[in-house]
Amino acid sequence: MEMKKKDLDWKNLGFNFFDTNSHVEVEYKDGRWGEIKVKKDPYLPMHVAANCFNYGQACFEGIKAFTTKDGDTVIFRPEENAKRIRKSAERLDMKAPPVETFVEAVKLAVKENLDYVPPYGYGASLYIRPVLLGTEPQILLTASKTFKFFVFVIPVGPLYSKGFLPVRTVVVEDYDRAAPQGTGMTKMSGNYAAGMKPDRLIHEQGYSIGLFLDPKEKKYIDEFGTSNFIGITKDSTYMTPKSPSILPSITNNSLKKLAGDMGMTVAEEKIPINDIDRFAEVGACGTAAVITPVYSVTYKGKEHIFGDKDAAGPTLTKLYKEFQGIQYGEIDDRHNWMTKVD
Ligand SMILES: Cc1ncc(COP(=O)(O)O)c(C=O)c1O
């Protein structure tokens, strides 16, 4: 049966928050996870001394659901996010839900908001935000023994309203997003709080995104503020940095597979910032935009340019189309990435 959709301006959805029907919650106490509950009220009753408020024991995920060409509702690789939040939780000494509970909660949050999943044909999707918080009231600096895991959703359009167009970026030289042996490889909420000021400063200078270097030597490319770095060399190798302080992007992992499928060589290695000119194309990849083509990277006052200002390069365009084609059910899901919501 066709789902009746909300009367929204699907074509012009931005990335702005508004409430949907409900979210889902699961609580961890007495050493175990409870039942998944659907909640209409978007507010959480929380103690003022909860660990997450005072000491920042919090992490999250970002996932997308789509309506396919055939009218199915599908979620992109939610089990990978389930595994990643477990790694974040492990580093932060938190308990995360088992993979099955995570995926079930994500599916239920989508199911409860099916009328908000954008219909096929608008380039839009349902953004899914799972969050894990330490909830125990505490003043001593110890890990919480109680946790809340919740999942809310919001329909979104393309991250950049003008679409798949190249952006100018800059190497952030005065701030780090991660520390050596810190939490850069996790999706800890505090990492993003630390990135807000440098983000504002680079926007004020006219750049769209900031590129961070490795926090130890400041010699190698780490990642953009909320996306991994990918570079296509002049001989068509897909290159992405190997670093212990970057978030293992599920989009990057998937793009690497697609690049391999296309016969490209895929290399994951340390990339010196001084080698940036070896790339014919540069992109930032992540759930929100899939790929943001990068027109330039400014480093120490010099602007390094990749291709055309008004159009993404051919390889990134091909990868982007293939990726979105799979998400929207236009291309065979040969890697079994899409989970159907019944
Ligand atoms: C720091 C950082 N790197 C990379 C990514 C891209 O990861 P993914 O492709 O899993 O969304 C994100 C977004 O989630 C991020 O916040």
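Just so you know, ligand 1 is whichever comes first in the structure, and atom 1 is the first atom listed for that ligand.
Between Phe76 and Phe323, the ring centre distance stays below 6.0 Å.
Listed by number with element, the atoms of ligand 1 under 4.0 Å from a non-hydrogen atom of Gly286 are 6 (C), 9 (O), 11 (O). Remark: ligand 1 atoms within the under-4.0 Å shell around heavy atoms of Tyr192 are 1 (C), 2 (C), 15 (C), 16 (O). Close contacts between ligand 1 and Asn228 involve ligand atoms 3 (N), 4 (C) [criterion: under 4.0 Å to a heavy atom]. For ligand 1, the atoms lying closer than 4.0 Å to a non-hydrogen atom of Glu223 are 1 (C), 2 (C), 3 (N), 4 (C).
A salt bridge does not link Glu27 to Lys37: none of the charged side-chain nitrogens sits closer than 4.0 Å to a carboxylate oxygen. Salt bridge status for Glu322 with Arg334: present, with a side-chain N to carboxylate O gap under 4.0 Å. Ion pairing of Lys218 with Asp176 is present here, as a side-chain N (NZ or NE/NH1/NH2) and a carboxylate O approach within less than 4.0 Å. Arg129 has no carboxylate O lying under 4.0 Å from a charged side-chain N of Glu61, or vice versa, which leaves the two without a salt bridge. A salt bridge links Glu136 with Lys145: the distance from a Lys NZ or Arg NE/NH1/NH2 to an Asp or Glu carboxylate oxygen falls below 4.0 Å. Ion pairing between a basic and an acidic side chain is recognised when a charged N comes within 4.0 Å of a carboxylate O; Asp342 and Lys111 show no such pairing.
The single protein non-hydrogen atom nearest to atom 14 (O) of ligand 1 is Lys187 NZ, 2.8 Å, given as residue, atom name and distance. Among protein heavy atoms, atom 10 (O) of ligand 1 sits closest to Arg84 NH1, 2.7 Å. When only non-hydrogen protein atoms are considered, atom 5 (C) of ligand 1 lies nearest to Thr226 O, 3.4 Å. For atom 11 (O) of ligand 1, the closest non-hydrogen atom of the protein is Thr287 OG1, 2.6 Å.
Contact annotation: Gly225 has at least one heavy atom less than 4.0 Å from an atom of ligand 1. Look at Arg177 and you'll find a heavy atom under 4.0 Å from some atom of ligand 1. Residue contacts with ligand 1 include Ser227, since one of its heavy atoms falls under 4.0 Å from the ligand. Distances from ligand 1 to the non-hydrogen atoms of Cys285 include at least one value under 4.0 Å.
Where the criterion is an N or O separation shorter than 3.5 Å, residue side chain and backbone included, Ile250 meets it with respect to ligand 1. Remark: ligand 1 and Thr251 share an N or O pair separated by less than 3.5 Å (distance only, no angle test).
Defined by atom type and a distance below 3.5 Å, a donor-acceptor pair is present between the side-chain atoms of Ser254 and Arg77.
Residue Phe102 forms a ring-ring contact (aromatic ring centres under 6.0 Å, His included) with just one option from Phe150, Phe149, Trp33, and that option is Phe149.
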